[in-house]
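The residues of the chain are indexed from 1 along the displayed sequence. Start at 1 and go down the list; that is how both ligands and their atoms are numbered.
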Amino acid sequence: MKVTIVGAGAVGASCAEYIAIKNFASEVVILDIKEGYAEGKAMDLMQTASLNGFDSKIVGTTGDYSKSAGSDVCVITSGIPRKPGMTREELIGINAGIVKTVSASLIEHSPNTIIIVVSNPMDTMTYLVHKTTGLPKNRIIGMGGALDSARFKYRLAEALEAPISDIDGMVLGGHSDTGMIPLTSLATRNSVPVSKFLSEDRLNQVAEDTKVGGATLTKLLGTSAWYAPGAAVSSLVQAIACDQKKMFPCSTMLEGEYGLSDICIGVPVILGKDGIEKIVKIDLSDAEKEKMKNSAEAVSKTNALLEL
Ligand code: NAI
């Protein structure tokens with residue numbers, strides 16, 4: 001398995017590190033436009049190999065896409081992150097141009113690749129990759145829900161004072177502060193609904209804390225987070241590399257599923273060697289259906305800003 005990560009910044013490097021530590025990829029290429037930056041990150045990471053016990057070869061390059069040739073999975077993290085007080089949607093002007101050029105260059109050298117889009121506004125960037133590359137929909141995956149769900153589980157474990165491994169929960173919808181839909185009714189602790197342990201008010205607070213999870217970190221760090229985003233991407237890549245057939249919420253092109261069409265938004269999918277192998281239909285409550293509709297409307301508004 002060969003993986004290319006475009007963008008050697010905070011998220012790209014963290015993603016490369018987790019992929020290497022999990023030791024399922026033979027080669028990880030990191031590409032950036034900043035002269036020497038990807039080479040430096042790759043060298044630094046390679047010098048952790050004997051310490052962390054991995055055999056993946058990590059290669060860095062400044063803009064040489066021929067090094068990415070034959071990649072099974074390509075991850076796009078290039079672009080600007082938000083600063084405190086900014087929304088993800090405000091990044092569209094700069095990031096759309098970057099994501100369009102980068103995806104075209106990746107496909108030129110790896111026509112059979114699966115692309116994972118991370119750059120924000122992620123649902124709209126995933127839609128842009130669909131509209132501009134012509135790749136089949138199973139090979140274009142937007143990463144947002146896997147991260148948001150991890151943040152949801154963190155908040156649930158905190159509220160329940162329980163180990164995170166006891167908790168299950170999922171966040172669907174758009175990857176934005178207002179668009180995320182933490183599915184509180186389906187969240188469980190050791191398979192028991194969390195509503196058995198938490199009051200409605202506390203559960204609503206967990207959902208709200210989850211939705212602003214990224215903004216909370218941006219305020220603390222002065223820029224957006226990288227450990228959990230990198231780990232979330234590495235989990236998706238691993239599910240593909242190891243053909244795990246594992247369910248994650250991912251942004252994917254919908255064609256009638258969940259009553260939505262011509263939009264990329266977070267829904268549960270099965271990830272395996274072919275990328276998105278199935279969109280999973282789960283029963284949403286009427287309130288959750290309404291939230292999904294509103295979330296989709298907001299994503300569509302951002303999509304309309306694209307110059308396609
Ligand atoms: P960063 O600024 O640390 O890194 C971005 C890197 O992209 C920089 O090294 C820059 O030189 C590079 N770059 C810019 N244009 C490029 C091009 N044309 N070709 C190759 N490389 C290029 O930013 P960070 O924190 O790594 O975030 C990256 C993106 O990921 C942002 O858009 C951020 O909003 C998004 N993000 C998305 C998440 C998600 O859940 N989908 C979670 C966290 C961040």
Identify, by atom number and element, the atoms of ligand 1 in contact range of [X], meaning under 4.0 Å from any of its heavy atoms.
| X | answer |
| --- | --- |
| Thr77 | 5 (C), 28 (C), 29 (C) |
| Asn120 | 32 (O), 33 (C), 34 (O), 35 (C), 36 (N), 37 (C), 38 (C) |
| Leu91 | 34 (O) |
| His175 | 39 (C), 40 (O), 41 (N) |
| Ile80 | 31 (C), 32 (O), 34 (O) |
| Tyr37 | 9 (O) |
| Pro229 | 42 (C), 43 (C) |
| Val6 | 20 (C) |

Kindly indicate whether a cation-pi arrangement holds for Lys281 with Tyr258, taking the cut-offs as under 6.0 Å to the six-membered ring centre and within 45° of the axis. yes
Would a distance-only check, ignoring hydrogens and angles, find a side-chain to backbone donor-acceptor pair under 3.5 Å from Gln244 to Leu271? no
Is there a donor-acceptor contact under 3.5 Å from the side chain of Ser103 to the main chain of Lys100? yes
Trp226 to ligand 1, any heavy atom closer than 4.0 Å: no
Approximate separation, where rounding is to 0.5 Å, of [X] [atom1] and [Y] [atom2]:
| X | Y | atom1 | atom2 | result |
| --- | --- | --- | --- | --- |
| Leu217 | Trp226 | CG | CH2 | 9.0 Å |
| Asp55 | Asn23 | CG | CG | 5.0 Å |
| Ile30 | Ser68 | CD1 | OG | 13.0 Å |
| His109 | Thr4 | NE2 | OG1 | 10.5 Å |

For [atom], what's the nearest protein heavy-atom neighbour? Residue, atom name and distance, please.
| atom | answer |
| --- | --- |
| atom 3 (O) of ligand 1 | Ala10 N, 2.9 Å |
| atom 26 (O) of ligand 1 | Val11 N, 2.9 Å |
| atom 4 (O) of ligand 1 | Gly9 CA, 3.2 Å |
| atom 41 (N) of ligand 1 | Met143 O, 2.8 Å |
| atom 6 (C) of ligand 1 | Asp32 OD2, 3.7 Å |
| atom 2 (O) of ligand 1 | Pro81 CD, 3.5 Å |
| atom 5 (C) of ligand 1 | Gly79 O, 3.2 Å |
| atom 19 (N) of ligand 1 | Ile33 CG2, 3.6 Å |

Can you find an N/O atom of [X] closer than 3.5 Å to an N/O atom of ligand 1?
| X | answer |
| --- | --- |
| Ile98 | no |
| Leu31 | no |
| Ala225 | no |
| Arg82 | no |
| Leu147 | no |
| Thr223 | no |

Taking NZ, NE, NH1 and NH2 as the nitrogens, is one of them in [X] or [Y] under 4.0 Å from a carboxylate oxygen of the other?
| X | Y | value |
| --- | --- | --- |
| Glu288 | Lys291 | no |
| Asp177 | Arg88 | yes |
| Glu255 | Lys137 | yes |
| Arg82 | Glu90 | no |
| Asp209 | Lys211 | no |

The one among Ala13, Ala232, Ser78 that brings a heavy atom closest to atom 7 (O) of ligand 1: Ser78
Identify the residue among Leu106, Ile5, Val102 that makes a side-chain contact (heavy atoms from CB on, under 4.5 Å) with Cys74. Leu106
Looking only at heavy atoms, is any part of Asn95 under 4.0 Å from ligand 1, and if so is it the side chain, the backbone, or both, or is it neither? side chain
Inspect the surroundings of NZ in Lys57 and state if more than 12 heavy atoms from other residues, nucleotides or ligands are less than 6.0 Å away. no
If you count heavy atoms of other groups shown closer than 6.0 angstrom to CG of Asp283, is the number above 12? no
